[in-house]
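For the single chain, residues carry numbers from 1 onward in sequence order. All values reported here derive from a predicted model rather than from experimental measurement.
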Amino acid sequence: MSTSETARPEKSRLTGENATEAIRDLPPSAKLVAKVLEYNDTLTQSQIADESLLPDRTVRYALNRLDEEGLVDSRFSFSDARKRLYSLNLE
């Protein structure tokens with residue numbers, strides 16, 4: 001690990017205060033997406049974009065950042081297998 005890299009908790013170990021700290025260090029778009037997912041249990045990427053008024057590309061970037069931190073769970077939609085459903089994982 002270089003000196004510019006920071007040690008991050010593993011995805012499965014983020015809980016409570018660790019999750020709050022991880023969200024605090026994310027870009028504003030990821031914070032907004034996390035807040036949208038906090039108020040809505042499970043949404044698709046396009047639903048997140050509609051709720052947050054962010055462009056699809058920005059939502060995709062925010063979801064990737066949240067996934068890197070282990071703060072979001074995703075699964076395939078049973079009604080449309082082309083879509084993924086996202087939910088916040090703060091446990």
Interatomic spacing from CD in Glu69 to CG in Asp25 - rounded to 0.5 Å: 7.5 Å

pair Arg60-Gln45: side-chain heavy atoms closer than 4.5 Å: yes

Side-chain donor or acceptor of Thr58 paired with backbone N/O of Leu54 under 3.5 Å: no

Short side-chain donor-acceptor distance under 3.5 Å, Arg65 and Tyr61: yes

Value rounded to 0.5 Å, distance of OG in Ser77 from CG in Leu43: 11.5 Å

Distance-minimising heavy-atom pair for Lys31 and Leu26: CE-O, 3.1 Å

Rounded distance (nearest 0.5 Å) linking atom CG of Asp50 with atom CD of Gln47: 7.5 Å

Contact summary for Val36 and Ser52, nearest pair of heavy atoms: CG2-CB, 3.9 Å

Value rounded to 0.5 Å, distance of CG in Asp80 from OG1 in Thr44: 9.0 Å

From Ser87 atom OG to Asp73 atom CG, the distance as rounded to the nearest 0.5 Å: 4.5 Å

Atom pair OG/NZ of Ser74 and Lys83 - distance to nearest 0.5 Å: 15.5 Å

Non-hydrogen atoms of Leu37 and Ile48 that approach each other most closely: CD2-CD1, 3.9 Å

Donor-acceptor under 3.5 Å (Asp67 side chain, Leu63 main chain): no

Exam field: side chain Asn40 to backbone Thr42, donor-acceptor pair closer than 3.5 Å: no

Exercise: identify the closest heavy-atom pair between Leu66 and Ala30: CD1-O, 3.8 Å

